[in-house]
Amino acid sequence: MANERVTSLKDVAGAAGVSVSTVSRLLNGSLELPHETKKRIEDAIRDLNYQPNPHARRLSRGRSDTIGLVVPDIANPFFATLVAAVEEEADHRGLAVSLYATLNRSGREVAYLQLIERNHVDGLIFVTNHPDDGQLGALINRTGKVVVVDEDVPDALAPKLFCDNDSGGYLAGTHLAEMGHRRVLFIGGPERMISAQRRFQGLERAMDELCGADAVLLNYKGEYTVAFGREAAKRFIAEGMPASAIFASSDEIAIGVIEVLRSQGISIPQDVSVVGFDDVGPLHLFAPPLTAIRQPVRQIGQRALSLLLETNWQERAPSAVEELLPVEIVVRNSVAPPANPKTAMDKKRTRG
């Protein structure tokens, strides 16, 4: 059976003897009409069983009631948890969320930022995972209505929301120093990323304060991926395990590191201690359970949406106010006092 034709705004206007714009403005609440004219329109709506299109009505008011969320990778547990938190907060506020995964590619990020200019979304929560060459910052300043989350876009005049990365590095360094470690390897993200820089700075500050001239810090720079964690662990072993502890600056890096250490028979924490960062995945199920710096990921998602809705976008380019959310260290069983260096090296030679 053929589908019945959907009644249009034009059909209602014809039956009521008025213009389409008159019907539209009455439905939007932007027009007062004489009682008789209003009644004719209402009767036509009822008789024709006209169902207004809420999406079209929102767009006619210059609003979609939809928030965009741009993330690099929805398979990453950190970003998946962030997405869930934004979705939950948006639902409480009667808003929809459109999710866009960039695969960490600049071209896709630019395309999604342009959705604001086309009125497809009312604003964006924007997460990048690589340094900006200036293009993203310029586009954010042109479009407005963007909150930058997790990693910085340095030139963007927009509200910015990060975890307290420096404090996280400091907590990790303090714990390692108090357990007796003086040589620590930091395995971080890209060199120009704010998270990698501040986590290392916090680690360095703690080791300087507690260990002084005895502190030796190594820094392997790469990506926040399992693959880079594996690569860094292989380099660490090839260089003779030059540190007694590793601070892996993301869950993904930590997973890659642990995988390689185990495959080479290197025990955690007997041979080398490991601290992670994020604490989003089931790190408590590892053997041993992994000590980690915990980011408040759900609070980040909820606060990001609040910032987007609270900001006065009439200013077009608000000041780049930076807000930090606190982190905490979750102590488990992956850190112990340093092993005897000679014993650890003997074990390595035996394996090799």
Side-chain angles (χ1 to χ4, degrees), residues 1-71 74 83-102 108-126 139-147 158-159 301-318:
M1 185 176 66
N3 293 332
E4 294 184 5
R5 188 175 74 86
V6 177
T7 301
S8 68
L9 206 64
K10 185 177 180 180
D11 295 328
V12 173
V18 297
S19 68
V20 172
S21 64
T22 297
V23 178
S24 178
R25 291 177 64 193
L26 175 67
L27 292 175
N28 289 338
S30 62
L31 178 66
E32 290 293 331
L33 292 172
H35 174 73
E36 290 185 2
T37 305
K38 182 178 178 181
K39 186 175 185 305
R40 288 204 312 273
I41 295 173
E42 291 173 344
D43 288 345
I45 289 173
R46 183 185 63 251
D47 294 343
L48 296 174
N49 194 29
Y50 171 68
Q51 301 294 324
N53 183 334
H55 181 65
R57 290 175 62 188
R58 286 193 295 266
L59 290 179
S60 73
R61 301 196 304 271
R63 195 174 76 234
S64 68
D65 287 347
T66 299
I67 300 302
L69 174 57
V70 178
V71 297
I74 57 175
V83 169
V86 173
E87 287 270 12
E88 182 178 322
E89 185 68 14
D91 183 63
H92 289 162
R93 295 171 180 262
L95 300 172
V97 176
S98 289
L99 176 62
Y100 306 99
T102 65
R108 291 170 70 94
E109 291 175 331
V110 168
Y112 294 142
L113 282 167
Q114 291 171 337
L115 293 171
I116 299 174
E117 295 182 311
R118 297 196 293 269
N119 287 327
H120 289 187
V121 295
D122 296 329
L124 280 176
I125 296 170
F126 184 80
L139 185 53
I140 288 171
N141 293 342
R142 190 180 81 202
T143 61
K145 300 182 181 179
V146 176
V147 171
Q302 293 163 354
R303 180 59 185 151
L305 183 58
S306 295
L307 273 176
L308 187 63
L309 300 178
E310 292 169 5
T311 301
N312 179 10
W313 298 105
Q314 298 304 317
E315 297 175 3
R316 191 62 179 171

List the atom of [X], the atom of [Y], and the distance in Å for their closest heavy-atom pair.
{"X": "Val18", "Y": "Val23", "answer": "CG2-CG2, 3.7 Å"}
{"X": "Ile116", "Y": "Val146", "answer": "CD1-CG2, 3.5 Å"}
{"X": "Glu89", "Y": "Ser306", "answer": "OE2-OG, 4.2 Å"}
{"X": "Val97", "Y": "Ala90", "answer": "CG2-CB, 3.4 Å"}
{"X": "Thr311", "Y": "Pro159", "answer": "OG1-CG, 3.5 Å"}
{"X": "Gly301", "Y": "Ala85", "answer": "CA-CB, 4.1 Å"}

Are [X] and [Y] side-chain neighbours, meaning at least one heavy-atom pair lies under 4.5 Å?
{"X": "Ile41", "Y": "Leu33", "answer": "yes"}
{"X": "Arg40", "Y": "Pro34", "answer": "no"}
{"X": "Asp122", "Y": "Lys145", "answer": "no"}
{"X": "Phe126", "Y": "Glu109", "answer": "yes"}

Inter-residue atom distance [X].[atom1] - [Y].[atom2], 0.5 Å rounding:
{"X": "Thr143", "Y": "Leu113", "atom1": "OG1", "atom2": "CG", "result": "6.0 Å"}
{"X": "Tyr100", "Y": "Leu124", "atom1": "OH", "atom2": "CG", "result": "7.5 Å"}
{"X": "Thr102", "Y": "Ile74", "atom1": "OG1", "atom2": "CD1", "result": "11.0 Å"}
{"X": "Ile67", "Y": "Leu305", "atom1": "CD1", "atom2": "CG", "result": "6.0 Å"}
{"X": "His35", "Y": "Glu42", "atom1": "NE2", "atom2": "CD", "result": "8.0 Å"}
{"X": "Tyr112", "Y": "Leu69", "atom1": "OH", "atom2": "CG", "result": "11.5 Å"}

Worksheet item: Is it the case that more than 12 heavy atoms not belonging to Glu310 sit under 6.0 Å from its CD atom?
Response: yes
Worksheet item: Checking side-chain contact (heavy atoms from CB on, under 4.5 Å) against Val12, which of Leu48, Asp47, Thr22 comes through?
Response: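 Option passing the side-chain contact (heavy atoms from CB on, under 4.5 Å) with Val12: Leu48.
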